[in-house]
Structures are given as structure tokens and as C-alpha cells.
Amino acid sequence: MSVNRLVVVLNDQLDRDSPLLADLDASRDLVWMVEAPAETRRPGAHQQRLVLLLSAMRHLRDELQAGGMRVHYRALDDAPADAPAQPVASYLAADIAELAPNTVVLMEAGDWAVEQSLLETVREAGCELEWHEDTHFLATRGAFQHWAEGRKSLTMEYFYRGMRKRHHILVADGKPVGGAWNFDQDNRAAFGAAGPGALPAHPTFPPDRITEGVIEAVVDGHGDHPGDARQFNQPVTPAQARLALEDFIAYRLPSFGTFQDAIWLGDPLLYHARLSAALNLHLLDPRDCINAAVTAWERGDAPLNAVEGFVRQILGWREFIRGVYWLRMPEYAQMNALGHDAALPDFYWDGQTDMACMADAMAGLLRHGYAHHIQRLMVLGLFAQLYGAHPYAFHEWHMAMYLDAADWVSLPNALGMSQFGDGGVVGTKPYCASGAYIDRMSNACSSCRYNPRQATGEHACPFTTLYWDFLDRHEAQLSGNRRLQFQFKNLQRKSDADRAAIREQAAALRSRMTPTHAG
């Protein structure tokens with residue numbers, strides 16, 4: 001087989017308009033894709049995450065082949081089940097040696113280690129490299145680095161405002177429409193006692209022949225992993241992802257903003273878009289999401305607080321997080337500012353806990369491979385931080401369990417914002433709170449055996465116990481943070497006896513929750 005250009009397409013580079021797939025010559029070029037066992041054998045990988053990755057890749061493969069393009073595709077079942085789980089670069093090295101291409105075409109990856117290993121592989125093979133920036137994003141790596149230069153701290157809000165101006169989004173004459181850049185204060189409502197009421201149904205995507213085959217393979221080969229592949233219901237093609245976007249804009253965006261921080265037991269999806277998995281695989285373009293939301297506001301179909309909040313998540317936070325990742329890697333992955341070193345309790349894998357909020361968040365995660373941002377940050381993430389989980393271990397769990405996880409987005413969000421492992425690169429303070437926050441934003445505490453107001457005793461809420469213990473343990477390190485002054489003043493009002501009792505209860509909690517397995 002004569003190969004001029006070997007075009008490497010990774011499992012999160014599935015954009016049909018990608019620079020990788022532009023100007024392909026079917027007679028001389030060869031698209032290269034691999035279902036790497038290193039990903040599919042990730043400890044505890046959610047079954048639906050595996051279905052999504054494999055099905056989305058196979059749909060692109062078949063689409064390219066139907067269009068006359070040659071595709072060199074390494075499927076999982078091409079290798080023996082007991083074969084070592086090799087990284088992507090190992091497969092590429094072997095195929096370069098066999099196919100002898102003149103040029104290897106690569107695009108910026110979503111994982112620092114993967115990118116470095118691919119570049120090294122091409123160098124060692126002596127091939128010419130054709131390199132592309134990832135045009136999926138609205139800010140290049142270089143643009144973010146230029147923005148960050150000389151700044152004492154990286155504040156997402158300032159980056160976001162610059163992006164709004166640069167791309168002329170919700171801006172008129174250089175000023176924000178509605179008179180404010182950020183309507184976050186209007187987006188923190190909780191549901192009343194009656195709950196959210198009737199919620200709009202989320203779209204369904206019945207599995208086709210390709211997806212059915214993947215589901216069967218995952219159940220057969222990974223049936224002991226968390227989740228259930230047979231409940232898979234996600235877009236696996238750009239056309240399906242666009243339908244999901246249209247459905248969100250029409251039926252949930254109008255109420256999304258106001259209730260985006262709310263939690264209600266048994267309703268893990270609420271008004272959320274659930275588009276992040278399609279976005280992070282590049283099945284959906286962020287520009288299309290932004291434009292659809294802004295158009296809905298211009299038509300009067302969605303309020304500004306909802307549209308601005310949605311735009312901020314994509315144009316602001318998503319781009320900012322990617323910028324931080326590439327600015328700070330590889331050192332970022334080693335950061336552990338609080339010195340936490342515990343393994344995650346078993347209920348992070350099986351959901352078996354008597355804490356109502358945690359059990360509900362885990363039930364949704366096991367069912368859908370998804371939890372909305374407040375469940376991630378202020379339930380699952382908060383408990384891990386207060387418990388003292390190692391921040392990189394929390395990131396690894398996040399990578400295994402969430403359909404939308406990618407290294408570039410998980411590390412700054414999980415290790416950084418959620419666990420404060422970066423010491424304040426992403427967030428200016430640890431997001432620490434007691435059970436009172438969960439009680440305020442959800443109906444979980446009313447059906448829970450624990451009392452969010454109690455830190456000690458039989459009915460003490462583990463969140464509240466560990467919250468005060470967290471402040472006590474880190475008082476010397478964190479009490480100077482101006483955003484934690486109120487919390488530390490409250491801690492200092494407690495007597496020595498109260499603080500000792502909290503420490504004792506926290507130690508007993510940790511002893512009972514010591515994990516017996518991981519994934």
C-alpha cells in the first residue's frame with residue numbers, strides 16, 4: 001500500500017470539518033484511527049463512556065470509507081483480549097514502520113502526554129510532520145498564552161469579557177447587552193417545595209447497527225465496569241448532536257439559567273443541555289451552540305440570563321480551562337496544594353451510601369455517565385475535597401466515569417477548581433461548604449438520615465463534620481485567604497472541646513469509609 005500522508009485522527013477529533021480531513025487525496029492519503037486499549041481498559045471506565053467513544057469513532061470511519069477514503073482502523077477486537085494495553089503512540093509507531101508514509105499529519109491533541117508521545121514517535125520515525133492547530137476552539141493556545149503573560153492571576157471573568165468583545169457576542173458598541181457582563185446572580189435559584197414540576201423530556205437516540213454492535217461488545221468485555229451500556233442514549237454523529245442542540249434551545253434554554261445550580265432528587269438532567277460530550281468529541285461546534293443561543297434571545301425565545309449563562313460556559317469557562325491546561329502542563333498534573341492523599345471511598349464507584357445527596361448524584365452518574373456542574377462541584381467534588389482525596393486520583397475517577405471527560409478539561413476542573421489541588425490557579429479559594437449549602441439548593445436533606453446542621457453526634461451530616469474538620473486542618477494555610485475570612489471566623493468561635501469532637505468524628509468517618517477497591 002503506497003501512502004503519501006498518514007492522517008492521524010484521535011478519538012476526540014471527530015469533526016468532519018477538521019483541518020485533518022481537509023483536502024484528502026483518496027488515492028495517496030490514508031486516515032489512521034485506533035481504539036486504544038489504554039483508554040478502554042481504564043480502571044472503572046463507565047460502560048457508556050466506552051460505547052460513546054467507540055461508536056462515534058466507528059461512525060466516522062464508515063462515513064469516510066463510504067465517501068471513498070482509505071482508513072487504516074485498529075479496532076479493539078483486532079488484538080487478543082489479553083494483549084497489553086498499549087498507548088496510541090505504540091500503535092502509530094508500528095504502523096509507520098509497516099506503511100512507510102512520507103508525511104504524518106497531526107493536530108493538537110486534548111491530552112498533553114498523548115501529544116508529546118505522538119510527536120516523539122514521528123520524530124523517531126524520521127517522517128515529515130504536517131502539524132495543525134485545532135480550529136474547533138475559539139482561542140488558540142498562543143492567544144491564551146499571550147493573554148496570560150504578565151498577569152499575577154488568571155481570572156476567567158476577564159478572559160471571558162475579552163472573548164465576548166473579540167468575537168462580538170452579546171456586545172453592542174463594545175459594551176455588554178443588558179448592561180452587565182455576567183448574570184450569575186440571577187442563575188442561582190433553588191426549586192420551591194413543590195419541585196421543578198413537569199420537565200421537558202430529553203431527546204432520545206436509539207442505537208443503530210453500529211452502536212448496537214458496540215453495546216454488545218462492551219457488555220461482553222466490560223460488563224463488570226460501572227454503568228450499563230444497554231442504557232446508552234447519546235449522540236454519536238454530528239447530525240444527532242445538532243438535533244440535541246436544537247432540542248435544548250427550544251425546550252430547556254428558557255429555564256436553564258435561573259435553575260442551573262438547583263438539584264432535585266430523582267431528576268439528574270433537569271434543564272441542562274448535556275451537550276458537553278458531543279462538544280468534547282468535536283461532534284458539535286461551539287460556535288453553533290453560541291449562535292443558536294444568541295439567536296433564541298434575539299427572537300425573544302429565551303431570557304438574557306439564560307443565554308448569557310450558557311454562552312459563558314462555552315465561550316468563557318470551556319476556553320479558559322483549555323488555556324490553563326496547555327499553559328501549565330505538564331507540571332499542573334503533579335500539583336497537590338493541600339497535601340491530600342486519600343483514595344476515594346467505594347461509593348464513588350457503586351453509589352452505595354446512606355447520604356441522600358451523594359446516593360442521588362451517583363445514581364444519575366451511573367445511569368447517564370453525566371452529572372450537572374453543581375452535582376460535580378458541590379456534591380461529588382465537595383465531599384472528595386473535604387474527605388481529603390488525592391486531587392489526581394479524583395481526576396482519574398472523573399476521567400473514568402464521565403462521558404464528557406478529556407484530560408484538558410478534567411485536570412483544571414477536577415484537580416484544580418474542585419479539589420483546589422492547584423492552590424488557586426483556577427479558583428481563588430477552595431469550594432468548601434457544609435451540608436447547609438446542599439440543603440439550600442436541593443431537597444436531599446429532607447429525606448436523609450443526617451442533619452446538615454449537626455457536625456457531631458449520631459445524626460451529624462458527614463459533609464458538615466468534614467467541612468469543619470477541613471477548615472481546622474488547613475487553618476494555618478488558608479486562613480489568610482480573604483474569601484474565606486467569614487468561614488474561619490465561624491471556626492474560631494468554636495471551643496477547643498467542640499473542635500476536638502469534630503476531629504474525632506471526622507476520623508471515625510474516614511475509618512468507616514476506607515476503600516476496599518478502586519474501580
Side-chain angles (χ1 to χ4, degrees), residues 15-17 135-139 156-157 159-191 196-205 233-235 237-262 264 267 269-280 282-320 370 372-374 404:
D15 180 0
R16 274 56 167 178
D17 296 321
T135 57
H136 170 86
F137 295 94
L138 286 87
M156 192 282 290
E157 179 66 21
F159 171 78
Y160 167 59
R161 294 179 186 184
M163 291 289 283
R164 287 264 299 272
K165 292 177 182 178
R166 186 173 306 113
H167 294 282
H168 307 289
I169 295 170
L170 296 177
V171 170
D173 299 323
K175 297 181 180 179
V177 298
W181 289 105
N182 186 316
F183 290 89
D184 195 42
Q185 291 295 332
D186 298 329
N187 294 348
R188 298 177 182 175
F191 298 115
L199 291 163
H202 282 248
T204 60
F205 301 96
N233 180 31
Q234 280 286 308
T237 67
Q240 290 181 336
R242 285 191 292 271
L243 287 175
L245 172 62
E246 292 167 4
D247 185 272
F248 167 70
I249 297 295
Y251 299 111
R252 288 182 301 286
L253 177 61
S255 297
F256 162 76
T258 302
F259 298 110
Q260 67 174 285
D261 284 4
W264 196 259
D267 285 311
L269 307 181
L270 297 170
Y271 295 105
H272 292 271
R274 244 190 349 153
L275 298 172
S276 51
L279 276 166
N280 292 348
H282 297 190
L283 297 175
L284 189 60
D285 193 301
R287 297 163 187 82
D288 292 339
C289 297
I290 293 167
N291 293 338
V294 171
T295 299
W297 171 70
E298 291 172 341
R299 290 196 310 253
D301 294 338
L304 184 57
N305 71 303
V307 172
E308 186 278 319
F310 181 66
V311 168
R312 180 166 14 103
Q313 287 187 355
I314 297 175
L315 183 67
W317 190 251
R318 186 170 185 264
E319 297 282 339
F320 176 78
Y370 168 85
H372 68 69
H373 66 279
I374 293 300
D404 59 6

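Treat the numbers as computed from the prediction; the structure is a model and nothing was measured.
- Side-chain contact check for F259 versus L270: every heavy-atom pair is 4.5 Å or farther apart.
- Annotation: Y160 is not in aromatic contact with F320 [ring centroid separation under 6.0 Å not met].
- Looking at F191 and D267, their side chains never come closer than 4.5 Å, going by heavy atoms from C-beta outward.
- Within a 6.0 Å radius of OH in Y251, other residues, nucleotides and ligands contribute 12 heavy atoms or fewer.
- Note that OG1 of T295 and CD1 of I249 are 8.5 Å apart. Values are rounded to the nearest 0.5 Å.
- For the pair V171/W181, a side-chain contact is recorded, criterion being any heavy-atom separation below 4.5 Å from C-beta on.
- Atom-to-atom distance recorded for R16:CZ and L283:CG is 6.5 Å, nearest 0.5 angstrom.
- Using cut-offs of 30° and 60° on the angle between ring planes, the pair H136 and H282 is parallel.
- Here the side chains of F248 and C289 are not in contact, with every heavy-atom distance at 4.5 Å or above.
- Between the side chain of D173 and the backbone N or O of K175, no donor-acceptor pair lies under 3.5 Å.
- Counting heavy atoms from C-beta outward, R161 and R164 have side chains that stay 4.5 Å or more apart.
- Under the 3.5 Å distance criterion, with hydrogens and angles disregarded, a donor-acceptor pair is assigned to the side chains of D261 and H373.
- Taking both residues in full, the closest heavy atoms of G316 and F159 are given as O-CE2, 3.8 Å, listed atom of the first, atom of the second, then distance.
- Looking at heavy atoms from C-beta onward, L243 lies out of side-chain contact with P235 at the 4.5 angstrom threshold.
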side-chain contact (heavy atoms from CB on, under 4.5 Å) between D184 and R312: does it pass, once the steps are laid out? CA-CA 10 Å; D184 195 42; R312 180 166 14 103; 3.7 Å; yes

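- Here the shortest heavy-atom pairing between L304 and V177 reads CD2-O, 3.6 Å.
- Not one N or O on the side chain of D404 forms a donor-acceptor pair closer than 3.5 Å with the backbone of Y370.
- Proximity of E319 to I314: side-chain heavy atoms (C-beta onward) are nowhere separated by under 4.5 Å.
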For Q234 and R274, what are the C-alpha separation, side-chain angles and deciding distance, and is it a side-chain contact (heavy atoms from CB on, under 4.5 Å)? CA-CA 9 Å; Q234 280 286 308; R274 244 190 349 153; 3.2 Å; yes

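- Using a 4.5 Å cut-off on side-chain heavy atoms (C-beta onward), N233 and H202 make no contact.
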